[in-house]
Asker: 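Once you've had a glance at the structure underneath, I'll fire off some questions.
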Amino acid sequence: MARLSTVFKLTCRILWLAGVLALVAAPARGAETAPNGSAVETARQLLGAWRVEDARPVIEGLLREQPRSLDALDLAALLAYYEGAYARALATVEKALAIEAEDEQRQALRLLLQQTHDVVRHMKRYESDHFVLHLHEESDGILAEPALAALEQAHEEVGRALGYRPRGRVRIEIAPDVQSFTAITTFSLRDIEETGAIGLCKFNKVMIISPRAMAHGYRWLDSLVHEYIHRVIVNITHNKAPIWLHEGIARYYETVWRNPEQGAKPDYLTPANETLLATAIERQEFVSFKDMEPSLIRLDTPEQVQLAYAEVASAVDYIRQVKGAAGIRDVLSNVRRLSTAEAIETVMGVPLDGFEADWQRFVEGQGLKLVQGSRIRRYKVAQEGETEPAVELSEIQSEIARNRTHLGDRLRQRGRLRAASAEYRRALRAGPDSTIILNRLGETLIHTRRYDEALPHLEKGRYLDPDRVHTYYLLGRLHHEAGDYTRARAALLEALQINPFHRGVYQVLVGVYEAAGDDEGARRTREIMRRLRGS
């Protein structure tokens, strides 16, 4: 029954959102004679392609011609919504409802507009050269500077890779909590925790959830860039790209902002993704491109979702290796004017099903292996009163390893560090690839200044699970205490890419800056700590 209830709720949510978006493509209707039919259709097509600037004069002309036309009012409401003018959008849809109150699609749009307006009106606006960012200042103000810096870097690097940079400023909204995020995106808690839906590019904007809302944070800057890339793809293709190509390009290039001097280096092949692909090869159980429609998050299991992301990033890697970066740009430009199948055949020289088969052979030829201890991306919403050590302990699969780790924790709390180290080593024998145990042992060894012994354990933990903030925090502490301030700073700044609210990271970072003689860095970090104390 629980599964049926989940499916029912999910279906209702999909239908609700479909009703909202159907207004863009709805047939002509109205209390008055519909305005110029070709102009209405042109406006719908332009909005459907997110060509807001081109749609504006067409829709304004329709309103001047017949201000009580439901077609014109619906389009004007959607235009205002896509422009981020939520109060105006809400007022416009109210005018349409005053003429025809029973339309379910329009009522659904009004609900989305009201929810979005209620969330965003409490946000503060920040601007950079190419982005306008809205967030909750009191809780998330410290996110503004790193978010805009990463996005501006992505604007340059993604623009170079894909040959396109959007006109005007791209709108970004960071929801402060789960309730706000689900309100503006129509996602559910299940979408967030089970399928990793922590960001969305839709309605001519980028939306993500604040890393504060997640128990362990998440790669929030990569997610911002990932969703921004979707916006670029929509612009290039006029919103005609299939989901596999959308997600493949976004996942492939989402980390390019981190190390721009290295160019578009593919970082998608993490140990977890390698394991997923190797398992798919072994079992011959790939997720087909067709089954990925209409969205990857609608697949049955988190494992299928993550496998699909690994597959499509690999498919883009295959295009790049065969045809170079220009091949990816050529596919996108052809999708704009041709079908996906025609676009692939034009660039790759084979039909779409032939391309999918060729790509699978490419994957099989890479010699991928199962990496023991690798962990697919998991997202957990923060719960009041829930402690990180307790949550981590529950993730250890081996009961023996879990019990020994718990004993090690108790010994460490009592100050018996050498005994705790010995117990963690015993736990590792039962669970040799647990990042949690590796971190516990590494942290205890740091306390006893056995840095050379601690480092291999922490480096192994980082390799197996590159998205765990605590590992980078411990590496930062280790390198700081060992006097390697360059490596300490790098580890701590990467920790903030995952959880920018981790106060321990800032405390160590201040010490690193002071030891390195960087007074300005220390001052900025203390200011962030002051803001965190007041939030």
Asker: Closer than 3.5 angstrom, by distance alone: can the side chain of Ser314 be matched with the main-chain N or O of Ala310 as a donor-acceptor pair?
Answerer: no
Asker: Please find the pair of heavy atoms, one from Ala183 and one from Val119, that lie closest to each other, and give the distance.
Answerer: CB-CG2, 4.2 Å
Asker: Evaluate the side-chain proximity of Cys201 to Trp50: yes if any heavy-atom separation is below 4.5 Å, no if none is.
Answerer: yes
Asker: For Ala76, give me all partners under side-chain contact (heavy atoms from CB on, under 4.5 Å), at least two apart in sequence or on another chain.
Answerer: Ile59, Leu63, Thr92
Asker: Passes side chain to side chain donor-acceptor pair (under 3.5 Å), Thr471 versus Asn439? Steps please.
Answerer: CA-CA 6 Å; Thr471 309; Asn439 281 350; 2.9 Å; yes
Asker: Walk me through whether Asp267 and Arg258 qualify under salt bridge (Lys or Arg N to Asp or Glu O under 4.0 Å).
Answerer: CA-CA 10 Å; Asp267 290 331; Arg258 293 193 208 169; 5.2 Å; no
Asker: Say whether, by atom type as modelled, one donor and one acceptor occur between the side chain of Ser434 and the main chain of Ile396 under 3.5 angstrom.
Answerer: no
Asker: Within a strict 4.5 Å, meaning less than it, do heavy atoms of the Leu475 and Glu459 side chains meet?
Answerer: yes
Asker: Could you point out which residue of His122, Gln114, Gln115 forms a side chain to side chain donor-acceptor pair (under 3.5 Å) with Asp118?
Answerer: Gln114
Asker: Could you check whether the rings of His470 and Tyr473 sit parallel, tilted or perpendicular, using 30° and 60° as the cut-offs?
Answerer: tilted
Asker: So do the side chains of Phe289 and Leu245 get within less than 4.5 Å of each other, counting heavy atoms only?
Answerer: no
Asker: Does Asp74 pair with Arg106 as a salt bridge, N-O distance under 4.0 Å?
Answerer: yes
Asker: At their closest point, which heavy atom of Leu332 faces which heavy atom of Ile233, and how far apart are they?
Answerer: CD2-CG2, 4.0 Å
Asker: Using the test ring-ring contact (aromatic ring centres under 6.0 Å, His included), find all partners of Tyr318 that sit at least two apart in sequence or belong to another chain.
Answerer: Phe355, Phe362
Asker: Set out, in order, the CA-CA distance, both residues' side-chain angles and the distance that settles side chain to side chain donor-acceptor pair (under 3.5 Å) for Asp317 and Tyr268, then state yes or no.
Answerer: CA-CA 9 Å; Asp317 191 19; Tyr268 74 91; 2.8 Å; yes
Asker: Does the Arg212 side chain pair with the main chain of Ser139, one donor and one acceptor, at a distance under 3.5 Å?
Answerer: yes
Asker: Gln304 versus Leu296: any side-chain heavy-atom pair under 4.5 Å?
Answerer: no
Asker: Between the side chains of Glu247 and Tyr252, does any donor sit under 3.5 Å from an acceptor?
Answerer: no
Asker: Under 3.5 Å, is there a donor-acceptor pair between the side chain of Asp291 and the main chain of Val287?
Answerer: no
Asker: Assess whether side chain to side chain contact (heavy atoms under 4.5 Å, CB included) is satisfied between Val52 and Leu79, documenting all intermediate values.
Answerer: CA-CA 7 Å; Val52 174; Leu79 173 67; 3.6 Å; yes
Asker: Take Gln497 and Tyr218, measure what side chain to side chain donor-acceptor pair (under 3.5 Å) needs, and give me the verdict at the end.
Answerer: CA-CA 8 Å; Gln497 293 177 23; Tyr218 70 97; over 6 Å; no
Asker: Does the distance from a Lys or Arg side-chain N to an Asp or Glu carboxylate O, for Asp433 and Lys460, drop under 4.0 Å?
Answerer: yes
Asker: Do you see a donor-acceptor pair shorter than 3.5 Å between the side chains of Ser339 and Glu342?
Answerer: yes
Asker: Between Arg468 and Glu392, is there a side-chain N and carboxylate O pair less than 4.0 Å apart?
Answerer: yes
Asker: So, Glu83 and Arg88, do they make that salt bridge, N to O below 4.0 Å?
Answerer: yes
Asker: Please find the pair of heavy atoms, one from Ile344 and one from Trp244, that lie closest to each other, and give the distance.
Answerer: CD1-CH2, 3.9 Å
Asker: Indicate the atoms forming the closest heavy-atom contact of Gln153 with Trp257, along with that distance.
Answerer: CG-O, 3.4 Å
Asker: Answer whether the closest heavy-atom distance between the side chains of Arg160 and Arg165 falls below 4.5 Å.
Answerer: yes
Asker: Please check this pair: side chain of Asn204 against backbone of Tyr82, looking for a donor-acceptor N/O pair closer than 3.5 Å.
Answerer: yes
Asker: Do you see a donor-acceptor pair shorter than 3.5 Å between the side chains of Asp177 and Ser180?
Answerer: yes
Asker: Hey, are Asp467 and Arg375 close enough for a salt bridge, meaning a charged N less than 4.0 Å from a carboxylate O?
Answerer: no
Asker: If we check side chain to side chain contact (heavy atoms under 4.5 Å, CB included) with Phe181, which of these qualifies: Leu189, Thr186, Ile192?
Answerer: Ile192
Asker: Hey, is the main chain of Glu303 close enough, under 3.5 Å, to the side chain of Gln306 for a donor-acceptor pair?
Answerer: no
Asker: Can you confirm whether the side chains of Thr435 and Asp465 place a donor and an acceptor under 3.5 Å from each other?
Answerer: no
Asker: Would you compute the distance between atom OG of Ser223 and atom CD1 of Ile208 and round it to the nearest 0.5 angstrom?
Answerer: 6.5 Å
Asker: More than 12 heavy atoms of other residues, nucleotides or ligands under 6.0 Å from CZ of Arg283: is that the case?
Answerer: no
Asker: Between Trp220 and Ile498, what is the shortest heavy-atom contact and its length?
Answerer: CD1-O, 4.1 Å
Asker: Please check: side-chain N/O of Asn499 versus main-chain N/O of Val469, any donor-acceptor pairing under 3.5 Å?
Answerer: no
Asker: Is the closest side-chain heavy-atom distance between Lys202 and Thr185 below 4.5 Å?
Answerer: no
Asker: Decide side chain to side chain contact (heavy atoms under 4.5 Å, CB included) for Leu492 and Arg489; before the verdict, give the C-alpha distance in whole Å, the side-chain angles of both, and the deciding distance to 0.1 Å.
Answerer: CA-CA 5 Å; Leu492 295 167; Arg489 178 178 178 275; 5.9 Å; no
Asker: Between Thr279 and Glu282, is the side chain to side chain donor-acceptor pair (under 3.5 Å) condition met? List the steps.
Answerer: CA-CA 5 Å; Thr279 302; Glu282 182 180 296; over 6 Å; no
Asker: Taking CD in Gln397 as the centre, count heavy atoms belonging to other residues, nucleotides or ligands within less than 6.0 Å. Is the count above 12?
Answerer: no
Asker: Among side-chain atoms of Arg336 and His238, is any donor-acceptor pair under 3.5 angstrom?
Answerer: yes
Asker: Measure the spacing between CG of Leu47 and OG1 of Thr42 and express it to the nearest 0.5 Å.
Answerer: 11.0 Å
Asker: Between Asp140 and Ser210, do the side chains contain a donor N or O and an acceptor N or O under 3.5 Å apart?
Answerer: yes
Asker: Between Arg251 and Glu254, is there a salt bridge with N-O shorter than 4.0 Å?
Answerer: yes
Asker: Under a 4.0 Å threshold between the charged nitrogen and the carboxylate oxygen, would Glu53 count as salt-bridged to Arg167?
Answerer: yes
Asker: Does a side-chain heavy-atom distance below 4.5 Å link Leu133 with Glu127?
Answerer: no
Asker: Would you say CD of Glu104 has more than 12 non-hydrogen atoms from neighbouring residues, nucleotides or ligands within 6.0 angstrom?
Answerer: no
Asker: I'd like to know if the side chain of Arg329 and the backbone of Ala161 have a donor-acceptor N/O pair within less than 3.5 Å.
Answerer: yes
Asker: Between His155 and Phe131, how do the two ring planes meet: parallel, tilted or perpendicular, split at 30° and 60°?
Answerer: perpendicular
Asker: At their closest point, which heavy atom of Leu109 faces which heavy atom of Leu78, and how far apart are they?
Answerer: CD1-CD2, 4.0 Å
Asker: Establish, from distance only, whether the side-chain atoms of Glu364 and Gln360 form a donor-acceptor pair under 3.5 Å.
Answerer: no
Asker: Does the pair Glu494/Arg219 count as a salt bridge with the N-to-O cut at 4.0 Å?
Answerer: yes
Asker: Under a 4.5 Å cut-off applied to non-hydrogen side-chain atoms, are Lys124 and His136 in contact?
Answerer: no
